[in-house]
Amino acid sequence: MSKKIQAIRGMNDLLPDQSPLWQYFEDQVRTLMRRYGYREIRTPIVEQTALFKRSIGEVTDIVEKEMYTFDDRNGDSLTLRPEGTAACVRAAMEHGLLHNQTQRLWYQGPMFRHERPQKGRYRQFHQVGIEAYGLDGPDIDAEVILLSARLWKQLGLDAHVTLELNSLGSPEARTAYRDTLVAYFERHHELLDEDSRRRLSSNPLRILDSKNPDMAEMLADAPQLLDHLDEASREHFEALKARLDAAGIAYRINPRLVRGLDYYSRTVFEWTTTALGSQGTVCAGGRYDGLVEQLGGKPTPAVGFALGVERLILLLETLELIPAESQRGPDAYLLAMGERAEREALLLGEQLRDALPGLSLQVHCGGGGFKSQIKKADRSGARLALILGEDELEQGQLTIKYLREEREQETLDQATAIDRLGERLD
RNA sequence: GUGGAUGUAGCUCAGUGGUAGAGCCCCGGAUUGUGGCUCCGGUGGUCGUGGGUUCGAUCCCCAUCAUCCACCCCA
């Protein structure tokens, strides 16, 4: 038994070496959303358990065995959100955002699922998601995909991800197909492996995905989802494909692509990569026209996606696509020699920050020899060392030493030094 | 939830049934006010945790916790 208190399994600390990369990613997302006219919504990370049961589906893995559920002090059953869509719908309905209007929303934040952690899969993980409400045409499906495609391009990932596309049809068509499929599997019950027999009741569409070679022949002859679409869904799907073609977005039709959450209908898609091992999906989404009504609202078409931040960060690291400027240190490091100068340094630091709002300045604290201070200036990653020694203090001067370029250091009046610093910024 | 691998210094890892090692990092010195290279010296470990076997366990055994990988599932 370990007595040390440590982080909860599958929940990670984000350390300072890592946070610049996250901030870079988040900045990219934020500007992208603004460019497409999506507005941010923030909801609590805890909701009533019933919200997730009713939206995600009672018999899904998430609801059956992965939710962090606990009783509030008053006896209510609460759950840490396992995904973002349900809460987004709840909040939008609760505040009348869906009343007679369309909405384009995005969100970002931690999600919680009690799964066995592995590469790219954690118990607390982060998603960025978008949700568009009140629009039922293929144009908005296409926009959502175009937005995601632009993000990959911005991040330099476009050559490393693949778009997979499918349509589940209307809920009626999907249910009918599901029955047809189950009937087919039951006729071949003796060919099903143990896993597939279990899925027969929980998620029969998943059986199509089985890698078991003994079942390959039987699966090849199974009825195809795309052959059982209702007419309206088929037209919708064709129109979406046409728009993607026109925009030059490549995709692969994957008839076996089904999503794990019950609320999807019609369009479903996934962006996948082969660079992350077995957790290859970096972004997934689709249309969920029935969800708002299912949660007690008026019938409202909706489409969206969620992307896994940890997976994308991992992908950026794996492919070495981390921009250098996201890792840089302060502009300058101010060090001081001598007791009086050390006292002055803090004040001088404030004056510099007053004069140069764009300046990132680290002031040395903790004393130490000159050599060690210079060393720390270097290690901080700063481009400039600012030296306030006894000589400079006497003369009201400051020495600027260039740590990253071949250039003589210069000792200037403090006012001149501030001007020089201003020139060196940006 | 199932299977496999791994836990030794802040990090990456050697190692042996008989008192614990390297490299990097950090600190100091060679150079009373000038970093990166070099050289010298130093700090730092209840060998994941608990139990068992043993004269003696970091090493062998059991349990437990954690990490990683895969299955499953998914972002």
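All values derive from a computational prediction rather than experimental measurement. The sequence lines fix the lettering, A, B, ..., with proteins before strands; numbering per chain opens at 1.
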Fill in the blank from the handout: Its dot-bracket string being built from Watson-Crick and G-U pairs below 3.5 Å, with | for another strand and [ ] for crossing, RNA chain B has the pattern (((((((..((((....[..)))).(((((.......))))).....(((((..]....))))))))))))....

Practice task
Assign A:Lys376 to base, sugar-phosphate, or nothing according to its heavy-atom contacts below 4.0 angstrom with the strands shown.
Solution key: sugar-phosphate

Practice task
For A:Lys371, report the nucleic acid contact type (base, sugar-phosphate, nothing); a contact means any heavy atom under 4.0 Å.
Solution key: base

Fill in the blank from the handout: Within residues 34-50 of chain A, those residues having any heavy atom closer than 4.0 Å to RNA chain B are none

Problem - Short side-chain N/O contact to B:A70 OP1/OP2 from A:Gln118, under 4.0 Å - result: yes

Handout entry: Touch class at under 4.0 angstrom, heavy-atom based, for A:Glu390 against every strand present
Key = base

Practice task
Give a yes or no on whether a salt bridge exists between A:Arg30 and A:Asp27, defined as a side-chain N under 4.0 angstrom from a carboxylate O.
Solution key: yes

Practice task
Measure distances between side-chain N and O atoms of A:Gln409 and base N and O atoms of B:U34, and say whether any donor-acceptor pair falls under 3.5 Å.
Solution key: yes

Exercise for the section: Tell me what A:Ala284 touches on the nucleic acid: a base, only sugar-phosphate, or nothing, going by heavy atoms under 4.0 Å. Expected result: sugar-phosphate

Practice task
Classify the nucleic acid contact of A:Arg379 as base, sugar-phosphate or nothing, counting any heavy atom under 4.0 Å across all strands shown.
Solution key: sugar-phosphate

Completion exercise
Residues pairing under side-chain hydrogen bond (donor to acceptor under 3.5 Å, both in side chains) where one sits in residues 151-161 of chain A, two or more places apart or in two chains, turn out to be A:Gln28-A:Gln154

Handout entry: Which residues share a side chain to side chain contact (heavy atoms under 4.5 Å, CB included) with A:Gln362, sequence neighbours left out
Key = A:Pro330, A:Tyr333, A:Ser380

Practice task
Output all residues satisfying salt bridge (charged side-chain N to carboxylate O under 4.0 Å, His left out) with A:Glu325, sequence neighbours left out; order by chain, then residue number.
Solution key: none

Problem - Side-chain-base donor-acceptor pair under 3.5 Å for A:Arg9 and B:U67 - result: no

Practice task
Pick base, sugar-phosphate or nothing for A:Glu66, based on heavy-atom distances below 4.0 Å to the nucleic acid.
Solution key: sugar-phosphate

Practice task
List in chain and number order the residues that pass salt bridge (charged side-chain N to carboxylate O under 4.0 Å, His left out) with A:Arg116, two or more places apart in sequence or in another chain; answer none if no residue qualifies.
Solution key: none

Practice task
Sequence neighbours left out, what passes ring pair (Phe, Tyr, Trp, His ring centres under 6.0 Å) with A:His228? Give chain and number order.
Solution key: A:Tyr177

Fill in the blank from the handout: Taken in chain and number order and not counting sequence neighbours, the residues that satisfy salt bridge (charged side-chain N to carboxylate O under 4.0 Å, His left out) with A:Arg252 are A:Glu164

Fill in the blank from the handout: Expected list for residues 15-26 of chain A near RNA chain B, using heavy atoms below 4.0 Å, is none

Exercise for the section: Answer yes or no: is there an ion pair linking A:Arg90 with A:Glu94, defined by an N-O contact shorter than 4.0 Å? Expected result: yes

Practice task
Mind checking A:Gly10 for me? I need base, sugar-phosphate or nothing, with any heavy atom below 4.0 Å counting as a touch.
Solution key: sugar-phosphate

Exercise for the section: Look at all strands and tell whether A:Ile387 reaches a base, only sugar-phosphate, or nothing, counting heavy atoms closer than 4.0 Å. Expected result: base

Handout entry: Residues that A:Tyr184 engages under ring pair (Phe, Tyr, Trp, His ring centres under 6.0 Å), provided they are two or more places apart
Key = A:His188

Problem - B:C74 base / A:Arg311 side chain donor-acceptor hit below 3.5 Å - result: yes

Handout entry: Integer angstrom distance from the P of B:A20 to that of B:C26
Key = 27 Å

Practice task
From the options B:G28, B:A75, B:C73, select the nucleotide whose nearest atom is closest to the side chain of A:Gln279.
Solution key: B:C73

Problem - Donor/acceptor link under 3.5 angstrom from A:Arg121 side chain onto base of B:C69 - result: no

Exercise for the section: Count the heavy atoms of every other residue, nucleotide or ligand shown that sit under 6.0 Å from CZ of A:Arg353, and state whether that count exceeds 12. Expected result: yes

Exercise for the section: Could you measure between the two C1' atoms, the one in B:A9 and the one in B:A22, and give it in whole Å? Expected result: 11 Å

Practice task
Give, ordered by number, those residues of residues 122-130 of chain A having at least one heavy-atom distance below 4.0 Å to an atom of RNA chain B; if nothing qualifies, reply none.
Solution key: A:Tyr122, A:Phe125, A:Gln127

Practice task
Name the residue closer to the 5' end of RNA chain B, choosing between A:Leu307 and A:Lys401 according to the nucleotide with the nearest heavy atom.
Solution key: A:Lys401

Exercise for the section: Sequence neighbours left out, what pairs pass side-chain hydrogen bond (donor to acceptor under 3.5 Å, both in side chains) with at least one residue falling in residues 278-293 of chain A? Expected result: A:Gln118-A:Ser278, A:Glu131-A:Tyr288, A:Asp141-A:Arg287, A:Glu270-A:Thr281, A:Gln279-A:Arg311, A:Arg287-A:Asp289

